[in-house]
Amino acid sequence: MSWIYIVSVLLFLVVLTATYLLYQKFFGKEKVDYHPVRFMSRVAIFGAMCAILYAVPVFKFPLPALFPSFLEFHFDEVPAFICGFAYGPIAGLCCIAIKTIVKVLISGSSTFFIGEFCDLILSAIYVGIVTLIYQKKRNLKGVAIGFSAGTLIQVVVAMLLNVYVLIPAYVTMIGESALLAMMNTSNLIGIANVTWSYAFLAVLPFNLIKDVAVIIITFLIYRSIHTFLRMDKKKTAK
């Protein structure tokens with residue numbers, strides 16, 4: 001089963017790369033040719049950072065008093081955002097693909113890789129939208145518009161994926177009553193059912209809080225190193 005998702009991620013990466021090349025060829029107003037080896041090395045570095053933050057348990061933590069304990073905060077999107085801001089949206093999306101592949105190969109999955117696949121989609125939407133808008137409007141207004149649009153769309157998609165993909169998968173594996181009990185263990189919210197009550201009382205606020213934290217961390221880090229990254233980007237170009 002795992003090889004299917006690995007192949008899916010690889011195909012996802014190939015499609016993104018092909019789309020970017022076609023976009024640059026026919027629609028790109030600011031065409032920048034990167035030295036392939038240098039460009040891939042930068043993406044690999046930031047992708048490795050994403051993978052470490054995503055796969056290593058010490059960098060993830062729950063807030064069980066507010067949300068179900070299986071909802072964990074992880075900030076693997078921060079390096080992807082920084083890479084996307086510096087080298088373009090496709091670079092950021094490649095980081096998301098890399099961290100998913102590494103996580104699947106190293107630690108496998110307890111959800112038949114459905115959880116990782118949904119997380120791939122959500123991270124790709126978030127990073128892709130924000131970095132694409134920033135590429136078109138490279139100022140604080142572009143950052144604000146990008147993060148606002150990216151957060152809104154990502155949260156809505158997260159709710160839909162949970163209700164129609166993740167929850168049915170968990171119900172099949174452990175049953176609806178057991179899943180509802182897990183959702184309410186050490187939880188002060190009081191989730192009534194495993195569908196829209198869970199989506200509105202857990203998924204929605206959880207993703208909003210996490211996204212705000214990601215935005216703050218990304219802004220602080222990128223602001224402190226953007227000059228260095230701008231210089232490196234010039235060196236990376238042919």
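Note that these values count all heavy atoms, side chains included, but never hydrogens, waters or copies made by symmetry.
Listed here is the closest heavy atom pair of P168 and V163: CD-O, 3.3 Å. When every heavy atom of A178 is checked against every heavy atom of I174, the shortest pair comes out as CB-O, 3.4 Å. Residue Q135 comes nearest to G88 through the heavy atom pair NE2-CA, 4.5 Å, listed as atom of the first residue, atom of the second, then distance. Considering all non-hydrogen atoms of both residues, V43 and C95 come closest at O-SG, 3.8 Å. S224 and I221 make their closest contact through OG-O, 2.7 Å (heavy atoms, listed as atom of the first residue, atom of the second, distance). Residues I96 and A80 approach most closely at CD1-CB, 3.7 Å, considering heavy atoms.
I125 is connected to L160 through a chain of hydrophobic side-chain contacts under 4.5 Å among Ile, Leu, Val, Met, Phe, Trp and Tyr, so both are in one cluster. Note on I225 and F75: same hydrophobic cluster, where clusters join Ile, Leu, Val, Met, Phe, Trp and Tyr whose side-chain heavy atoms are under 4.5 Å apart, directly or indirectly. Under the 4.5 Å side-chain heavy-atom criterion for ILVMFWY residues, a single connected hydrophobic cluster contains both L66 and F61. By the criterion of side-chain heavy atoms lying less than 4.5 angstrom apart, applied directly or through intervening Ile, Leu, Val, Met, Phe, Trp or Tyr residues, M159 is grouped together with F70 in one hydrophobic cluster. Put simply, M49 and F219 are part of two different groups of oily side chains (I, L, V, M, F, W, Y) that touch within less than 4.5 Å, one to the next.
Using a 4.5 Å heavy-atom cutoff, the side chains of H74 and L53 are not in contact. At least one side-chain heavy atom of P68 sits under 4.5 Å from a side-chain heavy atom of I191. Looking only at side-chain heavy atoms (C-beta outward), V130 and F85 come within less than 4.5 Å of each other. Using a 4.5 Å cut-off on side-chain heavy atoms (C-beta onward), L208 and V212 make no contact.
Between I153 atom CD1 and I129 atom CD1 the span is 3.5 Å, to the nearest 0.5 Å. The structure places CG of L120 at 10.0 Å from CD of E116, a figure rounded to the nearest 0.5 Å. Taking CZ from F73 and CD1 from I209, the interatomic distance works out to 5.0 Å, rounded to the nearest 0.5 Å. Put simply, CG on L122 and CZ on F117 are 11.0 Å apart, with the number rounded to the nearest 0.5 Å. Once rounded to the nearest 0.5 Å, the distance linking SG of C118 with OH of Y164 reads 14.0 Å. Atom CD1 of I145 is separated from atom CG of L140 by 11.0 Å, given to the nearest 0.5 angstrom.
For F147 and F81, the ring centers are positioned less than 6.0 Å apart.
Applying the 6.0 Å contact sphere to CD of E72 captures more than 12 heavy atoms from other residues, nucleotides or ligands.
Judged as a salt bridge (charged side-chain N to carboxylate O under 4.0 Å, His left out), the pairs with a partner in residues 205-219 (not counting sequence neighbours) are, in order, E77-K210. Listed by first and then second residue, the side-chain hydrogen bond (donor to acceptor under 3.5 Å, both in side chains) pairs involving residues 54-64 are Y54-D119 (not counting sequence neighbours).
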Enumerate donor-acceptor pairs with a distance under 3.5 Å from any side-chain N or O in residues 194-207 to protein atoms, sequence neighbours excluded.
unit_1: T195; atom_1: OG1; unit_2: N193; atom_2: OD1; d: 2.9
unit_1: S197; atom_1: OG; unit_2: A192; atom_2: N; d: 2.9
unit_1: N207; atom_1: ND2; unit_2: V203; atom_2: O; d: 2.7

**OP:** Let me see the working for S123 and Q154 under side-chain contact (heavy atoms from CB on, under 4.5 Å), right down to the final yes or no.
**Re:** CA-CA 8 Å; S123 295; Q154 190 242 30; 6.0 Å; no
